[in-house]
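This report refers to the structure that appears directly beneath it.
When a ligand or atom number is given, it counts from 1 through the structure's own listing order. Remember, predicted model here, so these are calculated numbers, not experimental data.
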Amino acid sequence: MAKVRVYELAKELGKSSKEVMAKLTELGEFVRSASSTIEPPVVRKLKDAFPSEAPAQAAATPVVQAASEAKSPERAAAAPQAAPAAPQPATNAAATPAQKAATPAPGVKPGPVKPAPKAPANKAADAKAPTGKETQPKAPAAAKGQESATGTPAPRPAATPKPRNASGQGNRPAPRAGNNPYASSQGMPRAAGPRAGNNPYASSQGMPRPAGSSERSAGGTGGPRPSAPRPAASPRPAGGPGPRPGAPRPNPGMMPGKTSLRPGEKQGGGNAPAGGRGGGRGGFNANRGGAPGAGGGAGFGGRPGGGGGGRGGAGRGTTQGAFGRQGGKPARGRKSKRAKRQEFEAMQAPSLGGVQVPRGDGSTIVRLRRGSSLADFADKIDANPASLVTVLFHLGEMATATQSLDEDTFGTLGAELGYQIEMVSAEDEDRELLEAFDIDLEAEEAAESDEMLEPRPPVVTVMGHVDHGKTRLLDAIRHSDVIAGEAGGITQHIGAYQIRHEYEGETRPITFIDTPGHEAFTAMRARGAQVTDLAILVVAADDGVMPQTIEALNHAQAAGVPVVVAVNKIDKPEANPAKIRQQLTEYNLVAEEYGGDTVFVDVSARQGKGIGELLDSVLLVADAELDLRANPDKDARGVAIEANLDKGRGAVATVLVQSGTLAVGDSIVAGTSYGRVRAMFDEHGDTLDVALPSRPVQVLGLTSVPRAGDTFLVAPEDRTARQIAEKREAAERAATLAKRRKRVSLEDFTQALEQGKVETLNLVLKGDVSGAVEALEDALVKIDVGDEVQLRIIHRGVGAITQNDVNLATVDNAIIIGFNVKPAERVTELADREGVDIRFYSVIYQAIDDVEAALKGMLKPEYEEVQLGTAEIRQVFRSSKFGNIAGSIIRSGTIKRGSKARVLRNGVVIGDNLSVESLRREKDDVTEVREGFECGIGLGSFNDVTEGDVIETFEVREKPRD
Ligand SMILES: Nc1nc2c(ncn2[C@@H]2O[C@H](COP(=O)(O)OP(=O)(O)OP(=O)(O)O)[C@@H](O)[C@H]2O)c(=O)[nH]1
């Protein structure tokens, strides 16, 4: 096809050259004059753009349909030009159609350039309104088309969205239309328009952008689009124009005014009103303000201005759209109850350390288990653990949320927050634990009727001051066993034994706890085990009442245990039994012969004298004061007296049955150890099948070594025993962790840390029997060397020193103390390698002495100032070379060269931290000058000396700790 000139084409189309040129410009084609030639494609485009487009539309139709399921022919009509663009329909079905729809617009406008502008404007105003007569049909159609394309059923929605883009793009074209004075909108259009237009084939591409965006934008801009109409700009067809569909072709006549509004509202995109006049302008705004509006998208609907039509209006409307409806309801909705409550609580709860924690009223009781952490506490008061950490921090203590804390710390924290903290005692905790397994010892006991109870032997403990003869007495008693001879005597020490004693014509058994000393007694009591029924207080008649006598007595009385006093060593000439009786009256032990009710028996453990009477008295008191009965017909319950790990037999525990009957094969749990009774032995080494109440018996079969004082019970089945043990162990661990925590306040801690004041001696204790380990631990923790040094037992246990112990010691820098135990060879090697110090003892006091010394050794050395001598200045010699020389006389001690010095004037220090730099006698340098002699003393650069001043010299020596 040959190129044609504009005027030729105009003629052919029946238009004026000017019109054609305007149209070309509108289409994005630039021609210089009417005589310029244009390319065939442009010609085609132009022809399509003019009224005579009918055929063109037809052509487009198919495309449209393809793209959007041909909603209607009208749509097609609108699209004429879309045809070219159409190709890409695939891209965006929705967009494409829209674009096409837009295309038509141009058609509408064809004629009058001028009018065009207006028309669009109007149209814009009414926008999508279907308006235009001629177009009308199409408009709606187009709208539909879009919708359909979009898949959206409702016309409006569909229309709305696209439109926006459309408008966006549409506008652009319009402006470009530059020709149109009213449609100046410039900017936008330009870009889009031209590009698209210029390349009819590629249009799809260029546009794509719009298309895509169109969808996006779709939301809001309905308005703009309207203006676009004109732009209908065929060029961009592909791109955005589409949207505009409805609006399109705005024919001047089409602005149905309100009508349009309505639709707009409905659509949500309402471009409604806006539009205002001047399509161009409108379009422009649309872009500008349109954006926001767009955001509002659908929501924006009804809002008139929103459409982005008018410039000013648009802006405003847009803004509203953006913050108002758009986002749905305004923020000022009703607050939820929860929010209100939180606000209220926040007001109520004063903050500590910047955090708010729910407060108690001072009487709110919070029960916590031993070893609880802040997280547990937070749980109970519905607080945030992190807040509690902060509060505690402000109270001067540092702890993590999950760290086990002790009672004191919780007490402080509780007091601060208005809660009364009750720590669940170990007993309560264990009771609750057992209840979880349907074991209620108290209920069980309460349910026992008199008939079920049978007499049981008394359990006796011997206590007294060191060396008053406890061990000897226990020996004597053991030998007094009336049946011992026949049975071959007591062959092994198992921590307790039973003897039979002839009393009032009857052989009565008595059980003795064979661990002398009140430490064992208290250790067991501390664990809640009330083992002893009666105490024998041994007092040496030749020594009298001593501190430990009183301590033992206090323990017995505190436990409510009746006391029988054994006045020992009466065989000694200096023995004075009467004095003992008299001394003890001060402690509420009044002998019967003095009118009291306490039985005093004079004995000689060495000679075995009085032992019978003592045992008689024990039974007498037991019968008189105690109701010693127990139900033997149930599962056994009792206490572990002592336990150790035997190489061949494993864990061996001596238990005292307190009620019920223990039989071989029973599943038992003792503290944190459990197992099944494999075998039982008595103190004679004889095997037993059953053990009745008050019977001490050695048990084999436990998986680990229980501790002295651990209560034991027979569980219904193995599994229960194991579970109880495991739960106890967990609780124990938590409690231990709480105890292990270093109790140093924040200030102290920081300060002490800075000054290197805090030192901790970590120890791992291992012993052959649990009683020894406990006694050692008790004694060690009592060592008091002040606050500067701390002692921490990080682990204790019965049995040989293991690799685990060494590893633990390595990590915690601990020293291992082995009491009557040794490590395996490999363990020694490991300890050597790791540099772990292992110390062995067989005497408890040695271990204690060593530890004490170690603790003292760890103390930072203390220094003291020791005065060496003083000198009085008699005259000052000035020397340019040495400065002032103090001619002095030594008043006391010796002045040595190089020693530290200070100068005092009238008793006030005027110069300190000095040193004797030079020392002369006559003209000779000397190293020291003694009392009574005169000398010249030079104090270096310190020259402020005058007659009458006193020079004091001293040295700082390390002071030995006591
Ligand atoms: N003369 C005399 N000496 C006794 C008598 N009983 C004990 N002794 C002696 O007193 C010393 C201490 O006796 P122990 O039985 O070891 O005293 P203890 O109270 O067990 O001492 P610790 O185990 O250190 O607390 C020993 O040398 C005994 O021989 C007694 O009746 N008469």
Can you find a non-hydrogen atom of Ser604 under 4.0 Å from ligand 1?
yes

Between ligand 1 and His465, can you find any atom pair, the residue atom being a heavy atom, that is separated by under 4.0 Å?
yes

Those residues that, when tested against Ala800, pass side chain to side chain contact (heavy atoms under 4.5 Å, CB included) (two or more places apart):
none

Short side-chain to backbone donor-acceptor contact, His468 and Gly464, under 3.5 Å:
no

Between [X] and ligand 1, is there a nitrogen or oxygen pair with a distance under 3.5 Å?
X      : result
Gly469 : yes
Lys572 : no
Arg472 : yes
Val466 : no

Nearest-0.5 Å distance, CG of residue Leu441 to CG of residue Asp635
10.5 Å

About how many Å separate CD of Glu454 and CG of Leu692, when rounded to the nearest 0.5 Å?
8.5 Å

So if I count the atoms of ligand 1 from 1 in the order they appear, which ones are less than 4.0 Å from some heavy atom of [X]?
X      : answer
Thr471 : 15 (O), 18 (P), 20 (O), 23 (O)
Asp467 : 10 (O), 12 (C), 17 (O), 18 (P), 19 (O), 21 (O), 22 (P), 24 (O), 25 (O)
Asp571 : 1 (N), 2 (C), 30 (C), 31 (O), 32 (N)

Is it the case that Arg728 places NZ or CZ above or below the six-membered ring of Tyr674, under 6.0 angstrom from the centre and within 45 degrees of the axis?
no

Could you tell me whether the side chains of Thr511 and Gln498 share a donor-acceptor contact shorter than 3.5 Å?
yes

Residues Arg707, Glu774: salt bridge by 4.0 Å N-O rule:
no

